[in-house]
Amino acid sequence: MNYELRKNFFDRSSIVVARELLGCVLCRKLNLTSSRLRGTSKIQKFKIIETEGYEGFKDKASHASRGKTVRNSPMFEKSGTIYVYFTYGMHYMLNIVCGAKGHPSAVLIRGLSTSPPTPLLAKERGAEQKINLSGPARLTKYLKIDKKLNNKKLGRKTGLWIEDNPTSLKLRGSKQILKTPRIGVDSAGPIWSKKLWRFVLKEN
DNA sequence: ACGATGATGAAC
DNA sequence: TTCATCATCGTA
């Protein structure tokens, strides 16, 4: 049985949380706007298959490496806070804040999937079709995640939350989890760009 | 392979 | 004031 991940899950190192989020289920509640369905809503659920951890002040690849700014201030909030930032003039990136309040730490959500063996959308028409949302900006576009969610807390009330899944429990320490360097952070220098803080769930 | 996109923050 | 960035898409 799935249950909603609470603050204590995120109240740890972003590296550990990034790894353990693989296989968990990102849930998004969206209001429907067509004339026929106005006033109703739908819930979309996707398995998390790719994450990256950004940990503390010292991490030169992290927005927080040079201290607190207007943009990165949600990273300093309590765990379970949503950090959405806008980059390259086009894209929104979804991060979940980890660790203690005041300690900048977050997990970037980089990939989602509906692939079997977990038929997450079984009740929805068209669920047979596999949707692969690979890429941090693709998934935010698809799930309509933007700055309106920035600095909010994960939860049903916010319309964005994460559930555990029996599959994710079996994954702890399994060889289905790949560890790699993080994407696009070469300029942070070799020490930080080479850290194996990107986690990918191998599905097959 | 390259240019456009155009917020945000750091370097100059 | 100029430049690079936790990226993606269209065009060549």
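The chains referred to below are lettered A, B, ... by the order of the sequence lines, with proteins before strands, and numbering in each begins at 1.
- Within the cation-pi definition used here (under 6.0 Å to the ring centroid, within 45° of the axis), A:Arg12 does not qualify as a partner of A:Phe10.
- Distance check on atom P: B:dG3 versus C:dA4 gives 14 Å, rounded to whole Å.
- As a whole-Å value, the separation of A:Met75 CE from C:dC6 P is 12 Å.
- Comparing C:dC3 with B:dA4, their P atoms sit 15 Å apart, to the nearest whole Å.
- Nearest heavy-atom pair across A:Arg182 and A:Ala61 is NH2-CB, 3.5 Å.
- In this structure, A:Leu196 places its CG atom where more than 12 heavy-atom neighbours from other residues, nucleotides or ligands lie under 6.0 Å away.
- Side chain of A:Ser62 to main chain of A:Ala64: a donor-acceptor pair is present (N/O by atom type, distance under 3.5 Å, no hydrogens or angles).
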(message) Taking Watson-Crick (N1-N3 plus N6-O4 or O6-N4) and G-U wobble (N1-O2, O6-N3), each under 3.5 Å, can you produce the dot-bracket string of DNA chain B? Use [ ] for crossing pairs and | for inter-strand ones.
(response) |||||.|||||.

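- Using a 4.0 Å heavy-atom cutoff across all strands shown, A:Lys60 reaches no nucleic acid atom at all.
- Counting any heavy atom pair closer than 4.0 Å across all strands shown, A:Ser187 reaches sugar-phosphate atoms only and no base atom.
- Each of A:Gly89 and A:Val70 lies near DNA chain B, and the nucleotide nearest A:Gly89 is the one positioned closer to the 5' end.
- One interatomic measurement links the two molecules: CZ of A:Arg138 to P of C:dC6, which rounds to 18 Å at whole-angstrom precision.
- Atom pair A:Phe86:CZ and C:dA4:C1' shows a separation of 16 Å (rounding to whole Å applied).
- Taking both residues in full, the closest heavy atoms of A:Leu201 and A:Ile48 are given as CD2-O, 4.2 Å, listed atom of the first, atom of the second, then distance.
- Residues A:Leu5 and A:Trp161 have side chains not in contact (no heavy-atom distance under 4.5 Å, counting atoms from C-beta outward).
- Heavy atoms of A:Ala137 sit under 4.0 angstrom from primed sugar atoms or phosphate atoms, though from no base atom.
- Bounding nucleotides for the chain A contact on DNA chain B, 5' to 3', at a heavy-atom distance below 4.0 Å, are B:dT5 to B:dA10.
- Each of A:Leu139 and A:Arg71 was assigned the nucleotide of DNA chain C with the nearest heavy atom; the assignment lying further toward the 5' end belongs to A:Arg71.
- Distance A:Asn95 CG to C:dT5 C1': 14 Å, rounded to the nearest Å.
- Of the residues listed (A:Arg28, A:Lys47, A:Lys45, A:Arg6), the one engaging A:Glu163 in a salt bridge (Lys or Arg N to Asp or Glu O under 4.0 Å) is A:Lys45, and it is the only one.
- Between A:Arg110 atom CZ and C:dT8 atom C1' the separation is 12 Å, expressed in whole Å.
- Aromatic stacking of A:Tyr88 on C:dT8: not satisfied for centres closer than 5.5 Å together with planes under 30 degrees.
- Residue A:Ile183 contributes atom CD1, which lies 15 Å from atom C1' of C:dT5 at whole-angstrom precision.
- Spacing between B:dG6 and C:dT1 at atom C1', rounded to whole Å, works out to 16 Å.
- Rounded to whole Å, the distance from CG on A:Asp186 to C1' on C:dA4 is 13 Å.
- One atom, CZ of A:Arg182, and another, P of C:dA7, lie 12 Å apart when rounded to the nearest Å.
- Each of A:Tyr142, A:Phe86, A:Tyr83, A:Tyr85 was checked for a ring-ring contact (aromatic ring centres under 6.0 Å, His included) with A:Tyr92, and the lone residue meeting it is A:Phe86.
- Put simply, the side chain of A:Asn95 never gets that close to the backbone of A:Ala106: no donor and acceptor are under 3.5 Å apart.
- Taking a cutoff of 4.0 Å between a charged side-chain nitrogen and a carboxylate oxygen, A:Lys195 and A:Glu52 do not qualify as a salt bridge.
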